[in-house]
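Order of listing sets the numbers, starting from 1, for every ligand and every atom in it. Atom set for the values below is all heavy atoms of this structure, side chains included, hydrogens, waters and symmetry mates excluded.
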Amino acid sequence: MSKRIDFIARSGGHLEGQARVPGDKSISHRAIMLGSIAEGETCVQGFLEAEDALATLAACRQMGVRIEGPEQGRVTIRGVGMHGLKAPGEPLYLGNSGTSMRLLCGLLAGQPFDSVLTGDESLSRRPMRRVTEPLRQMGAEIDTTPDGTAPLHIHGGRKLHGIHYDMPVASAQVKSALLLAGLYAEGETCVTEPAPTRDHTERMLDGLGYEVRRQGNRVCLRGGGRLTAADLDVPADISSAAFFLVGASIAPGSELILEHVGINPTRTGVIDILRLMGAKIEVLNPRMVGGEPVADLRVVHRPLKGIHIPEKFVPLAIDEFPVLFVAAACAEGETVLTGAEELRVKESDRIQSMADGLQILGIDARPTPDGMIIQGGRIGSGRVHSHGDHRIAMAFAIAALRASGPIEIEDCANVNTSFPGFAELAGRLGLAIEVVEHD
Ligand code: S3P
């Protein structure tokens with residue numbers, strides 16, 4: 001158990017300067033998993049040295065993959081090939097990381113050995129049938145608790161066959177789990193998504209020489225191929241940049257440049273939503289880096305207005321809603337979010353966690369089953385709870401930029417799952433956060 005940590009974010013001020021936020025979490029997970037089963041040595045730079053991605057790294061090491069680093073974002077993976085993973089001696093503990101658990105579940109479903117996946121309290125509450133059920137249709141045998149949650153017991157030695165799966169929810173984790181299982185399945189595995197979700201798995205498979213066919217909202221691959229190691233460059237995580245995009249947008253006098261941010265179009269909903277609210281965000285020097293689009297983002301303060309968030313942006317900004325709710329609280333008028341029931345099954349129930357905290361701070365925030373209705377207003381001072389959810393903690397820290405007094409945020413240790421050094425970087429850019437450690 002890590003120490004309990006609270007944040008006390010000082011109110012007022014503005015953000016100014018230039019920074020590169022840590023590496024993309026989604027891409028870091030995939031780099032470790034795919035590098036592990038590739039043939040040859042994969043050198044990764046920009047890797048996210050945070051608990052979630054490190055959980056994936058540790059799991060692959062437990063299965064016999066030699067991995068050097070991370071050191072300043074550099075990791076070298078000595079790939080063992082498609083059939084080189086070894087049975088882990090003990091359960092693979094994945095901490096808070098849903099991506100590790102769901103993607104590894106797919107990867108392990110077709111291995112010749114048994115494995116067990118466990119996680120912390122939050123991860124052990126999250127729904128896993130969304131992956132185990134389609135994997136079962138492919139021939140996998142995976143036990144969950146009666147509630148469909150972890151621990152997951154994956155029985156090895158099952159022969160998988162490809163399926164055509166129509167995903168009921170727009171989930172990149174489910175899509176990726178099935179594609180990873182599909183690598184080991186006989187025949188073709190196809191996944192159709194109800195709305196576009198992040199496509200890092202498809203891009204990286206392609207970059208490592210595996211044929212992936214994409215047509216409209218469907219992606220297919222055939223099992224039995226191989227991956228060839230290649231160097232990977234992980235861009236800065238737009239989901240981490242989002243805190244500062246909102247912070248600079250709401251705090252008068254702000255001007256920031258965020259460098260080398262991944263702007264994959266399946267991830268840029270936060271920019272579209274903020275722009276619809278009136279934000280000024282410029283995309284500078286767009287370029288391709290290792291198969292992923294990257295740019296520097298310049299953001300300056302602008303008064304925001306409330307909007308009805310178009311549902312098509314929901315999967316494209318799925319991790320950014322905690323901080324977008326803070327933008328809405330600072331906007332003139334009403335913001336309405338619908339079609340986002342998935343927020344209820346993230347690291348916490350993000351609709352309830354944010355509505356509770358915003359109400360404590362004096363904002364009229366009404367949760368609905370699939371979203372929230374927020375009236376812009378004056379943010380007060382107060383003590384809120386993160387519910388152990390990294391993005392809730394960081395969102396309330398950003399809210400302090402427009403609060404009448406300090407915001408105390410309980411239980412912020414999990415910020416380390418995605419954004420180590422958040423408080424220090426925020427301080428350098430103009431938002432003072434005191435980090436209080438408890439024994
Ligand atoms: C992720 C996909 C998203 C996102 C998560 C990371 C991924 O989850 O919320 O933080 O890396 O594939 P869903 O695809 O389940 O919505």
Arg214, Arg30, Lys175 screened by salt bridge (charged side-chain N to carboxylate O under 4.0 Å, His left out) with Asp199, the one that passes: Arg214
Counting only heavy atoms and a distance below 4.0 Å, can you name the residues contacting ligand 1? Ser26, Arg30, Thr99, Ser171, Ala172, Gln173, Arg198, Ile318, Asp319, Lys346
Provide the full list of salt bridge (charged side-chain N to carboxylate O under 4.0 Å, His left out) pairs with a residue in residues 91-113, sequence neighbours left out, each pair given once. none
Across all chains, not counting sequence neighbours, the ring pair (Phe, Tyr, Trp, His ring centres under 6.0 Å) partners of Phe422 are Phe244, Phe419
Residue among Asn264, Asp319, Ile271, Val294 satisfying side-chain contact (heavy atoms from CB on, under 4.5 Å) with Ile238: Ile271
Answer yes or no: is there an ion pair linking Arg4 with Asp6, defined by an N-O contact shorter than 4.0 Å? yes
Arg78: partners by salt bridge (Lys or Arg N to Asp or Glu O under 4.0 Å), with sequence neighbours left out: Glu41, Glu68
